[in-house]
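These notes concern the structure reproduced below.
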Amino acid sequence: MQQVARGAAVDVLASADEETMNAAIVQGLVAKGAARVLARNSLVLIVPAGSRLAIGQLDDLARSSVQRVAIGGPASVPAGRFAQRALEAAGVWAALQGRMVMTQNVRQALDHVARGEVDAGFVYATDAALIGDRVTVVLNVPTGTAIRYPIAPIQGSANRQDGARFVDHVLSPPGQTIRGRHGFEKP
């Protein structure tokens with residue numbers, strides 16, 4: 001969204017959360033009512049494969065045996081915002097200060113965990129599935145709100161009609177089937 005706001009030549013915006021899409025609407029980048037839900041996902045807590053840490057709930061992260069936790073920076077990474085809210089709701093956000101490794105995106109958090117550089121990390125279920133042999137999902141994180149990925153044509157695009165056709169195509173049954181094969185849930 002930030003790239004679009006800076007004038008990037010983009011015809012369609014797909015976001016990993018509704019908050020970002022709503023900001024695009026407020027800024028006039030996307031027409032009000034144009035956003036539609038592309039897919040759903042879930043947030044999971046992962047550990048390196050073979051980890052001996054007993055983590056089954058979020059407050060287990062506050063134990064002294066958990067030294068480093070990878071999380072997308074909440075200011076710019078939707079998964080990080082979901083993780084922060086879940087940790088706050090569980091009452092452990094403050095306890096993890098100084099132990100969190102803030103990443104620029106979900107894939108970076110995934111890589112830290114897969115390489116064993118951190119004890120645990122927050123990623124989307126679809127990302128964890130990509131390298132399931134190197135990480136173990138220990139918890140489906142309760143987020144309080146559904147994780148939905150909205151998509152919409154960019155309002156000022158020179159190719160707005162093509163963008164709208166693209167959105168229709170990816171939301172069609174064949175598009176849903178493709179996303180389903182990659183672990184995304186239907187809207």
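- Using a distance-only test at 3.5 Å, with no hydrogens or angles considered, a donor-acceptor pair links the side chain of Gln155 to the main chain of Ala31.
- Around CD of Gln104, the count of heavy atoms belonging to other residues, nucleotides or ligands within 6.0 Å does not exceed 12.
- Remark: the backbone N or O of Asp162 is not paired with any side-chain donor or acceptor of Asn159 at under 3.5 angstrom.
- By the rule that hydrophobic residues join a cluster once side-chain heavy atoms approach within less than 4.5 Å of another member, Leu13 and Leu29 end up as members of one cluster.
- Residues Thr126 and Asn41 have side chains that bring a donor and an acceptor to within less than 3.5 angstrom of each other.
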- Item | Check against ring-ring contact (aromatic ring centres under 6.0 Å, His included), Phe122 and Phe82 | CA-CA 9 Å; Phe122 291 90; Phe82 287 116; over 10 Å; no
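- Considering every non-hydrogen atom in both Leu38 and Pro187, the closest pair reads O-CG, 3.6 Å.
- Looking at Val69, Leu53, Asp119 one by one, the single match for side-chain contact (heavy atoms from CB on, under 4.5 Å) with Leu61 turns out to be Val69.
- More than 12 non-hydrogen atoms from other residues, nucleotides or ligands lie less than 6.0 angstrom from CD of Gln97.
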- Please test Arg107 against Asp127 for side chain to side chain contact (heavy atoms under 4.5 Å, CB included), starting from the C-alpha separation and ending with a verdict. CA-CA 7 Å; Arg107 292 293 173 91; Asp127 294 296; 2.6 Å; yes
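- For Arg52, the CZ atom sits in a loose shell: 12 or fewer heavy atoms of surrounding residues, nucleotides or ligands are nearer than 6.0 Å.
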- Task: Please assess Ile71 against Met102 for the test side chain to side chain contact (heavy atoms under 4.5 Å, CB included), listing each intermediate value before the final yes or no.
- Result: CA-CA 5 Å; Ile71 176 175; Met102 295 295 175; 3.6 Å; yes
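- For the pair Arg134 and Arg115, the tightest heavy-atom approach, listed with the atom from each and the gap, is NH2-CG, 4.4 Å.
- With contacts defined as side-chain heavy-atom distances shorter than 4.5 Å, the pair Val167/Val12 qualifies.
- Atom CD of Glu117 is surrounded by more than 12 heavy atoms from other residues, nucleotides or ligands within 6.0 Å.
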- For Glu185 and Arg179, run side chain to side chain contact (heavy atoms under 4.5 Å, CB included): C-alpha distance rounded to whole Å, both residues' side-chain angles, the deciding distance at 0.1 Å, then the answer. CA-CA 8 Å; Glu185 302 165 27; Arg179 283 189 306 289; over 6 Å; no
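- If you run side-chain contact (heavy atoms from CB on, under 4.5 Å) between Val123 and each of Val135, Ile46, Leu45, only Ile46 comes through.
- With hydrogens and angles left out, the side-chain atoms of Arg81 and Thr20 include a donor and acceptor closer than 3.5 Å.
- Proximity of Leu139 to Ile55: side-chain heavy atoms (C-beta onward) are nowhere separated by under 4.5 Å.
- Classification of Arg165 and Asp168 as a salt-bridged pair fails, no side-chain N sitting under 4.0 Å from a carboxylate O.
- Taking all atoms of both residues into account, the shortest heavy-atom contact from Val118 to Ala70 is CG2-CB, 4.0 Å.
- Nearest heavy-atom pair across Ala35 and Pro150 is CB-CB, 4.4 Å.
- Looking at heavy atoms from C-beta onward, Trp93 lies in side-chain contact with Gln84 at the 4.5 angstrom threshold.
- No continuous path of ILVMFWY side-chain contacts below 4.5 Å connects Val37 to Leu43, so the two sit in separate hydrophobic clusters.
- Val4 and Val77 fall into different hydrophobic clusters, where Ile, Leu, Val, Met, Phe, Trp and Tyr residues are linked whenever their side-chain heavy atoms come under 4.5 Å apart, directly or through other members.
- Nearest heavy-atom pair across Thr103 and Gly72 is OG1-CA, 3.3 Å.
- Between the Ser51 side chain and the Val47 main chain, no donor and acceptor come within less than 3.5 Å of each other.
- Residues Val30 and Met21 have side chains in contact (heavy-atom distance under 4.5 Å, counting atoms from C-beta outward).
- Ala79 and Val106 make their closest contact through CB-CG2, 3.4 Å (heavy atoms, listed as atom of the first residue, atom of the second, distance).
- Side-chain contact between Leu171 and Gln176: present, with at least one pair of heavy atoms (C-beta onward) separated by less than 4.5 Å.
- Distance CE/Met1 to CD1/Ile25: 11.0 Å, rounded to 0.5 Å.
- Looking only at side-chain heavy atoms (C-beta outward), Ile147 and Asp17 stay at 4.5 Å or farther from each other.
- Remark: aromatic rings of Tyr124 and Phe184 are distant, center separation not under 6.0 Å.
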- Message: Working note: Asp11 + Ser157, criterion side-chain hydrogen bond (donor to acceptor under 3.5 Å, both in side chains); need CA distance, chi angles, decisive distance, verdict.
- Response: CA-CA 5 Å; Asp11 301 317; Ser157 167; 2.5 Å; yes
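- If you take OG on Ser172 and CD1 on Ile178, they are separated by 7.5 Å, rounding to the nearest 0.5 Å.
- Using modelled atom types, no side-chain atom of Arg68 and backbone atom of Arg99 make a donor-acceptor pair closer than 3.5 Å.
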